[in-house]
Peer 1: 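What follows is a single structure, and I will ask about it in a moment.
So you know, we letter chains A, B, ... as the sequences are listed, proteins then strands, and number each from 1.
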2 protein chains.
Amino acid sequence: MIISINKRLTYTDRSIIMRAMTNIPDTKQHILDTAATLFHTQSYGDVGIATICKEAGVSKGSFFHFFPSKQDLGVAVLEQFREKINATLVAKAFSSQYPPMERLLRFVHELYQFQKDQVDQHGHLPGCPFGNIVMEQATQDDVLRTKADGCIRSIANHLRTAVTDAVQSGELPPLDESATAEAMFGYLEGIQLMAKARNDPELIRTLGPAVTSIRVPRPIQ
Amino acid sequence: MIISINKRLTYTDRSIIMRAMTNIPDTKQHILDTAATLFHTQSYGDVGIATICKEAGVSKGSFFHFFPSKQDLGVAVLEQFREKINATLVAKAFSSQYPPMERLLRFVHELYQFQKDQVDQHGHLPGCPFGNIVMEQATQDDVLRTKADGCIRSIANHLRTAVTDAVQSGELPPLDESATAEAMFGYLEGIQLMAKARNDPELIRTLGPAVTSIRVPRPIQ
DNA sequence: AAATGTATAGACCGGTCGGTATAGATCGCG
DNA sequence: CGCGATCTATACCGACCGGTCTATACATTT
């Protein structure tokens, strides 16, 4: 494709050039990505719309054209995190080619790498994007709370599959599979929280593997 | 004690009467208690100083007379939570009169009751005061992060004693006692987080007891 | 009684918050 | 070309933010 440099560039031209040069997709997606990073590395409450706009190089008019409110942006950011985490960390770890319990250990390793990379990049361990929103906004904003809860359930569901497979293969004794998967996910949230409190990803590496020791027995009849 | 009602009441007189009549201690403590409730039931970031003053029936001048900044107040609130939780939930559960592992189950029950009472009172499950601050402020404010981390370690230390006792008594096999205690505490943080995400304290009751299944093996030499 | 320290009250500060209004630029489409 | 839809830019809004300042009331010390 050739774009003449003699004519005055239209928005479309600039958009095409931007996309080709910087891999920045359309404005809405760019706002979304910028907000996701800022919300995760700082926090939802402490990052204002003006900051997001400045960081994304976008005007407030554009922002409110695509997102009717900050809350809508927050929900969209959560949904994008869910998709991205399911497509990367979860997909890598929960492949059925690995024995069920090994999947859990691989997931722990993915979490460790993820948080460690963030520390190396930003100097702070950001923790879980969903856990952060829950702790910060659950008592204030029911929409965000419900959305974050949905994201948590979505990811925890992959754990449940692994637990079910492990029981079937005999790697785990009979137990309450759903509850055990939830307990395991809770454990991973908790050690990410403690790692964030210390700003030290090593805690995930040392304590993470113990996720395989968690067992919630079947309710007695 | 008798206070004459004929003379004009001094501040000290009124203070004495107030304390006797309303059980409200001195102003600083009252601000602290009000802020603790607001921070816990809402969040640190979303509760302003003006709100705290109004709720406590205190002027801004008084506030800044006792607390040089919101951050200092935050640290004081965390410290008070640490003392209060150690004096109540922890003290009730971790009495050496109970077998070590029973202490853990009792602590879970205390956590359940605590969060359930909050739900009944305020309609929302507030979660752990330290975990909330960590998730919200750890990447922004190193002072608050460090203080919250200290509070977490302080409480986790009681878990470690129980784990050590359990290993000694044979209730638990040999394992990394400190790491296991940390893992257990992380687990409890995690299920409180998930309970907050669902606004449902029952999750603590059903998943909590599995804390006794967590084991971090001793590092191989 | 004077002086000093402690506590309280509230107006006030610059800055930021989420969100709106309006005008203009650019788009696809007829 | 012209028209309506889409998108961008920015000034602006009232509310609130953490924090300062000044004035005053009272207690304590001398």
Peer 1: Over how many whole Å does the gap from Lys28(B) atom NZ to dT8(C) atom P extend?
Peer 2: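 Roughly 12 Å, once rounded to whole Å.
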Peer 1: Provide, to the nearest angstrom, the distance between the CG atom belonging to Asp26(B) and the C1' atom belonging to dT6(C).
Peer 2: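 Atom-to-atom, Asp26(B) to dT6(C), this comes out as 13 Å.
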Peer 1: Heavy-atom count around Glu55(A) CD within 6.0 Å, excluding the residue itself: above 12?
Peer 2: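 Not buried by this count: 12 neighbours or fewer within 6.0 Å.
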Peer 1: Write down the atom of Asp33(B), the atom of Gln80(B), and the distance for their closest heavy-atom approach.
Peer 2: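 Scanning both residues completely, I find the closest heavy atoms to be OD1-NE2, 2.8 Å.
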Peer 1: From the set dC7(D), dG19(D), dG18(C), return the single nucleotide nearest to any side-chain atom of Ser69(B).
Peer 2: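 Looking only at side-chain atoms, Ser69(B) lies closest to dG19(D).
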Peer 1: Please report, rounded to the nearest Å, how far the P atom of dT16(C) is from the NZ atom of Lys70(A).
Peer 2: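 In whole Å, dT16(C) P lies 15 Å from Lys70(A) NZ.
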Peer 1: Round to a whole Å and report the spacing from CG of Leu73(A) to P of dC17(C).
Peer 2: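 About 14 Å, once rounded to whole Å.
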Peer 1: Can you check the Phe67(A) CZ to dC7(D) P distance for me, whole Å?
Peer 2: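 Computing the Phe67(A):CZ to dC7(D):P distance gives 12 Å.
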Peer 1: So if I take every side-chain heavy atom of Phe66(A) and compare against dG19(D), dG19(C), dT8(D), which nucleotide ends up nearest?
Peer 2: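 Per side-chain heavy atoms of Phe66(A), the pick is dT8(D).
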Peer 1: What is the minimum heavy-atom distance between Val119(B) and Pro201(B), and which atoms define it?
Peer 2: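 That closest heavy-atom pairing would be CG2-CD, 4.2 Å.
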Peer 1: Report for the helix from dA1(C)-dT30(D) to dG30(C)-dC1(D): angle between first-end and last-end helix axes, five pairs each, rounded to 10 degrees.
Peer 2: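 End-to-end axis angle for the helix from dA1(C)-dT30(D) to dG30(C)-dC1(D): 10°, rounded to 10°.
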Peer 1: Does any residue of residues 35-58 of chain B have a heavy atom under 4.0 Å from DNA chain C, and if so, which ones, in number order?
Peer 2: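 Heavy-atom contacts with DNA chain C come from no residue of residues 35-58 of chain B; none.
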Peer 1: Show the distances under 3.5 angstrom between N or O atoms of the protein and N or O atoms of nucleotides 10-12 of chain C.
Peer 2:
from: dG10(C); atom 1: O6; to: Gly61(B); atom 2: N; distance (Å): 3.3

Peer 1: Do Arg145(B) and Asp141(B) meet the salt-bridge criterion of a basic N to acidic O distance under 4.0 Å?
Peer 2: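 Not counted as a salt bridge, because no side-chain N and carboxylate O are separated by less than 4.0 Å.
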Peer 1: CG of Asp141(A) versus C1' of dG18(C): gap in Å, rounded?
Peer 2: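 Answer to the nearest Å: 13 Å.
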Peer 1: Just the rounded figure in Å: distance from C1' of dT20(D) to CZ of Phe64(B).
Peer 2: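 So the CZ-C1' distance, Phe64(B) to dT20(D), works out to 9 Å.
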Peer 1: Identify each donor-acceptor pair in which a side-chain atom of residues 127-134 of chain A lies under 3.5 Å from a protein atom, sequence neighbours left out, and give them as a table.
Peer 2:
from: Asn132(A); atom 1: OD1; to: Lys196(A); atom 2: NZ; distance (Å): 3.1
from: Asn132(A); atom 1: ND2; to: Pro126(A); atom 2: O; distance (Å): 2.8
from: Asn132(A); atom 1: ND2; to: Cys128(A); atom 2: O; distance (Å): 3.3

Peer 1: Under 4.0 Å between a Lys/Arg side-chain N and an Asp/Glu carboxylate O for Arg160(A) and Glu177(A)?
Peer 2: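 Looking at Arg160(A) and Glu177(A), the cut-off is not met.
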Peer 1: When the distance from NE2 of His65(B) to P of dG5(C) is rounded to whole Å, what number comes out?
Peer 2: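 His65(B) atom NE2 is separated from dG5(C) atom P by 13 Å.
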Peer 1: With a 4.0 Å cut-off on N to O distance, would you call Asp149(B) and Arg153(B) a salt bridge?
Peer 2: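 Salt bridge between Asp149(B) and Arg153(B), a charged N being under 4.0 Å from a carboxylate O: yes.
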Peer 1: Just grab all the ring-ring contact (aromatic ring centres under 6.0 Å, His included) pairs involving residues 57-79 of chain B, residues at least two apart or on different chains.
Peer 2: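 The answer is Phe63(B)-Phe67(B).
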Peer 1: With a distance cut-off below 6.0 Å to the six-membered ring centre and an angular limit of 45° from the axis, does Lys92(B) pair with Tyr98(B) as a cation-pi contact?
Peer 2: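 So Lys92(B) doesn't make the cation-pi contact.
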Peer 1: Side-chain donor-acceptor pair under 3.5 Å between Tyr44(A) and Glu136(B), yes or no?
Peer 2: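 No pair is found: no donor N or O on one side chain lies under 3.5 Å from an acceptor on the other.
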Peer 1: Does any pair with a residue in residues 184-193 of chain A pass side chain to side chain donor-acceptor pair (under 3.5 Å), and if so which ones, sequence neighbours excluded?
Peer 2: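 Found Gln115(A)-Gln192(A).
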Peer 1: Output yes when at least one side-chain N/O atom of Thr27(A) is less than 4.0 Å from OP1 or OP2 of dC7(D), else no.
Peer 2: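 Thr27(A) to dC7(D) OP1/OP2: no side-chain N or O under 4.0 Å.
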